[in-house]
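Computed from a prediction, not measured in an experiment: that's the story for all the values here.
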Amino acid sequence: MSSISTEAKVGLFVLAALIILAYMSFRVGEYGFGLKKGYLVNVVFDDATGLEKDASVQIAGVEVGRVEDISLKDGKALVTLRILPSVELEKDVEAKIKSYGILGDKYVDIVPGTKDGTYITAGGDITRTGQQADIDKLLSELGIIAGDVMKITSSLKNVLGSAEGEANLKAIVENTRSITENLNRVVTQNDEKLNLMITNLGEASAEMRNAFAALNNIVERIDSGEGTIGQLVENRDVFDNLNQTLASIRDITDKINKGEGTIGKLVNDEDTVDNLNASLKSLEKSMDGIERYVSKSEQFKTFLSYRGEYLFDGGDGKGYFDLTIRPKEDKFYVLGLVADPRGSRTVTDTTVGATPTTRTETWERDELLFTAQIGKRFKDIALRGGIFESTGGVGIDYFAFDDRLQVTFEAFDFDSDRNAHLKTYAEYRLLKHIYLSAGWDDFISNEGRESPFIGFSIKFEDEDLKYLLGSVPIPK
Amino acid sequence: MNKIAATIDNFGRAILDNIEEMGRILILFLSVLMWMVRPPLKLRLIFRQMEFVGVKSIFVVVLTGTFTGMVMALQGYYGFKMFNAESLVGSTVALGMTRELGPVLTALMVTARAGSAMAAELGTMRVTEQIDALYVMATNPVKHLIVPRVIAGVVMLPLLTVVADFMGILGGYFVGVPILGINSGAFVNNITKMVDLGDIYHGLTKAAFFGLILSVVGCHKGFNTTGGAEGVGRATTEAVVLASVSILISDYFLTAIMF
Amino acid sequence: MIKLVDIHKSFGRQKVLDGVNLEIEDGKTTVIIGGSGGGKSVLLKHIIGLLKPDSGQVIVDDVDIVSLNDRDLNEIRKKFGMLFQDAALFDSMNVLENVAFPLKEHTRKKEKEIREIVEERLRAVGLTGVEDKMPSELSGGMRKRVGLARAIAMHPQIVLFDEPTTGLDPVMTEAINELIIETQKIFDLTCVVISHDVQSIFTVGHKIAMLYEGKIIEYGTPEKIKMSSNPVLRQFLSGSLEGPINVI
């Protein structure tokens, strides 16, 4: 059939296969067929975890030898390296254990020393060793951090979760109450200043009211089909009013920022200052401690928010000033002040007109109401309980669209004489710190106080608060 | 009740038949060992079988090895890409080929090619009384027919596996480096770093075992053929099935023992 | 001399040989006749040790081969040659290699010498110039001739023929019969022929034995067989459907 005999064919095949085998063995074997060449040097590592026999020894990523042996010497790892004869190691080379990538094998990396003509001889030692930051070390450090975080959260739990914690919280609420009492006292004692404040507040409110009244008027006219948009735009009064309102608001915030104005002057009283200072200091202290670690986990957050609401039926503005502390993702505390132009419920025996034009100004609007609530969040739902506008109550918030939209229902001021105060509204985040809201206040009131409202809010996180409130240090 | 009894009866008989067959294969293997060491060794017959099992299987083994390596490289690439570890494709292909796929696929291909041919050849010889003729001419058929085939299987399978390993890695390289754009240095270096001599030689040891299995099973099935041409066909099929299954099962145990 | 003593053989539940007693004379051709599937081939395989009886003795030159081990049996077998039904030539070898096979296996003769013997044996069976052909290239009659050449290659004392004329045309049948007779004479062979071809029986046989239902029911010279009044034999020789042999 062919000139090549069976034997020759088989022989050729066997030869070819053996050559391939020899080639593959040579490539993967150590220095070809495991031939032991090279000289030995010793190096002592504190820790040779993961290093194995026959691991690579490299200089600048070039293999110059293999790990010959690993043994224990005086509680340290004595690693014997076999170095290629063609490679000379300076006396002051440094050996490090490194790994290929995060999960790769370990190898010994040798950093060349100074070229002064002295070299390590066979059987000599490499005296300089280094430790490489590797995944093990990283993990152990992460472990320490996790331990710290655990300690803090457990102490926080002890502080806030226990009966003692609750008592403390009660004490805090109590303190807040006494502070407001103090404030009241300050207010009465500083009648002049108070007057000034009320005047200021009154001016601001009046301007706001005017602006909103005009706005209301416009809306009504639009509703009733009166006038045109052109006419509306040419009405300078509206703009003037709006401008004035905005100017006033700016004025007020400026003053607050500078520590001037009414709120600034409020804290002129020595007692208040002392109290505030003391509480702020202790707050600062605890914040210091908490922030240092907890901020790493990015759970602890503080929010400061202002919300203004315009009640259509009352023609009044309502202001909320809230501090929300969120130690954990799902838990928060709200402390706040509410400025209600209609005053507190203790003076509500006067009936109110149905239209803005017939409203009276007999309300005790000088009284500030306060808020202190504990809340817990379950996914998209948050439940709140505590003090709402100086009375007991509960609230529920529903969050949607990545928390951009918040729908809230609140019930408070439970009294046998009248229906409870129910309030519902939706708040939508327009820009980063700006929110718009709309809702219905006191909608089951049997005293004719039900009113739809619109409002806007400004909310700041602790990052932003640093710049806004220089007097409250939030260490980062 | 009769049906149940018959089922149990058949089941038990099937088990007994299997055990008996295993025993027969073992006895055949032992007699092969015995005849292997009894001179004279029929070198010419051995060479002819080596040519048949080895040389003539090169093409199919090269084809199988190459494409296996190529597809491994392709599949491995998609996996390793997720970790940005594309250069590990080379060592994956090399380790997979040397340790597992080289020996097993070679054995399966040779089973299909040569194992079946052994069964068919010996089966035909049995039904046409050629085996009886050997007996009559005072020649032991085990020595004359089976020993050369078994020797050829045991010797040639590792050599074919070397070819399959090499071609697989080459195929992987071809897909990995020019087509998928893996750095060629990283590809080759990872192979030399991760693959041990042990990986190659353990794979070849497995291949030798597989060669033994496929040749002994093929010869056994052919040697004990009954029932004419139809019997030869049955013997061939059974030989391929039994040898393939035995190879895959023994592969697990060999791997467990060696690695 | 070959002597079969009370041979019993069953395959599973089927009793094939049921107490066969037969003496085969040296230097003569003994023909064993009987129906298809009647156990003639089985009997022949017992003679050469390919099958072992369930009970009974097969005595070849005063040795009971039933109890022999492989090595001793192989020594006995070297006295035999056998022509199988389809010649059983090795497919993988050409005619020369087939005929030379036993010589290569059992002698230390040189290649050239072997070739000479092979050519001589082939000439003896009436074939020339077919040495390099493969068995598949040969006709049925030629295959039988090559088979016979292989059977007598080692110059055996005894040659067994398993249905040598089956599947051949009448002319070829006659040629093969002549060949059997001639070779028997030339090599002074003891021949055992199995056949159911009535024509051939009387041509080649010195002695004829009839195997029926596992037993030898008639034994004797062709003349004696022809005269036999045994109804089974009568029916067999006449090829009639009427009689004790139930074919259906």
Side-chain angles (χ1 to χ4, degrees), chain B residues 13 17 20 27-28 30-32 34-35 38-53 56 114 117-118 120-149 152 219 222-223 225-229 232, chain C residues 11-12 41-42 44-52 65 68-93 97-108 135-136 143 146-148 150-154 156 158-163:
Chain B
R13 189 165 299 149
D17 285 351
E20 203 183 317
I27 288 168
L28 179 69
L30 292 177
S31 66
V32 165
M34 198 179 75
W35 283 106
R38 256 191 225 180
L41 220 55
K42 300 185 176 179
L43 278 180
R44 227 195 117 68
L45 292 174
I46 294 173
F47 271 113
R48 193 176 293 170
Q49 288 305 319
M50 281 180 165
E51 185 193 8
F52 178 69
V53 174
K56 291 187 173 168
M118 288 178 189
E121 224 177 317
L122 294 197
T124 308
M125 290 183 79
R126 168 63 79 185
V127 300
T128 57
E129 297 181 302
Q130 291 177 48
I131 286 174
D132 285 340
L134 280 173
Y135 276 120
V136 168
M137 287 185 277
T139 299
N140 188 292
V142 172
K143 183 170 184 62
H144 186 80
L145 297 173
I146 301 182
V147 168
R149 285 170 168 79
C219 290
F223 198 67
T225 301
T226 51
V232 174
Chain C
F11 292 106
S41 287
V42 172
L44 201 65
K45 283 179 180 172
H46 275 90
I47 293 171
I48 200 166
L50 283 175
L51 291 173
K52 302 223 172 203
I65 66 164
L68 290 181
N69 63 27
D70 280 355
R71 194 173 301 185
D72 294 335
L73 187 58
N74 273 345
E75 286 308 308
I76 296 288
R77 278 173 179 162
K78 285 176 185 170
K79 297 178 180 177
F80 283 90
M82 182 164 174
L83 175 58
F84 286 88
Q85 202 167 331
D86 276 321
L89 300 178
F90 300 125
D91 300 324
S92 54
M93 302 178 190
E97 286 166 329
N98 260 293
V99 179
F101 185 84
L103 297 166
K104 280 186 181 163
E105 282 289 304
H106 300 298
T107 66
R108 298 192 164 273
S136 54
R143 288 162 67 93
V146 175
L148 181 57
R150 188 176 69 179
I152 58 175
M154 288 286 285
I158 308 150
V159 177
L160 310 179
F161 296 85
D162 189 358
E163 309 209 359

- Other residues, nucleotides, ligands: >12 heavy atoms within 6.0 Å of Asp72(C) CG: yes

- What closest approach, in Å, do Gln130(B) and Ala88(C) show between heavy atoms, and which atom pair accounts for it? CG-O, 3.8 Å

- Task: Can you see which heavy atom on Ser92(C) is nearest to which on Arg48(B), and at what distance?
- Result: O-NH1, 4.3 Å

- Salt bridge present between Glu129(B) and Lys45(C) (N-O < 4.0 angstrom): yes

- Query: Got Ile48(C) and Val136(B) here, is their nearest side-chain heavy-atom distance under 4.5 Å?
  - Reply: yes

- Query: Taking all non-hydrogen atoms of both residues, which atom of Asn74(C) and which atom of Tyr135(B) are closest, and how far apart?
  - Reply: OD1-O, 4.3 Å

- From NE2 (His144(B)) to CZ (Phe101(C)), nearest 0.5 Å: 3.5 Å

- Which heavy atom in His106(C) sits nearest to a heavy atom in Ala138(B), and how many Å separate them? CE1-O, 3.0 Å

- Note on the structure: If you tally heavy-atom pairs under 4.5 Å between each of Thr124(B), Thr128(B), Asp132(B) and chain C, the highest tally belongs to Asp132(B)

- Looking at Asp91(C), Asp86(C), Leu160(C), which one has more heavy-atom pairs under 4.5 Å with chain B than the rest? Asp91(C)

- Choice from Lys78(C), Arg150(C), Met82(C), Glu75(C) maximising heavy atom contacts with chain B below 4.5 Å: Arg150(C)

- Query: How many angstroms lie between CD1 in Ile131(B) and CG in Leu50(C), if you round to the nearest 0.5 Å?
  - Reply: 11.5 Å

- Checking Leu73(C) against chain B: side chain, backbone, both or neither under 4.5 Å from a heavy atom? neither

- Query: What part of Met125(B) is in contact with chain C, defined as an atom under 4.5 angstrom from a non-hydrogen atom: side chain, backbone, both or neither?
  - Reply: side chain

- Message: Nearest 0.5 Å, please: how far is CG in Leu134(B) from CD in Glu105(C)?
- Response: 8.0 Å

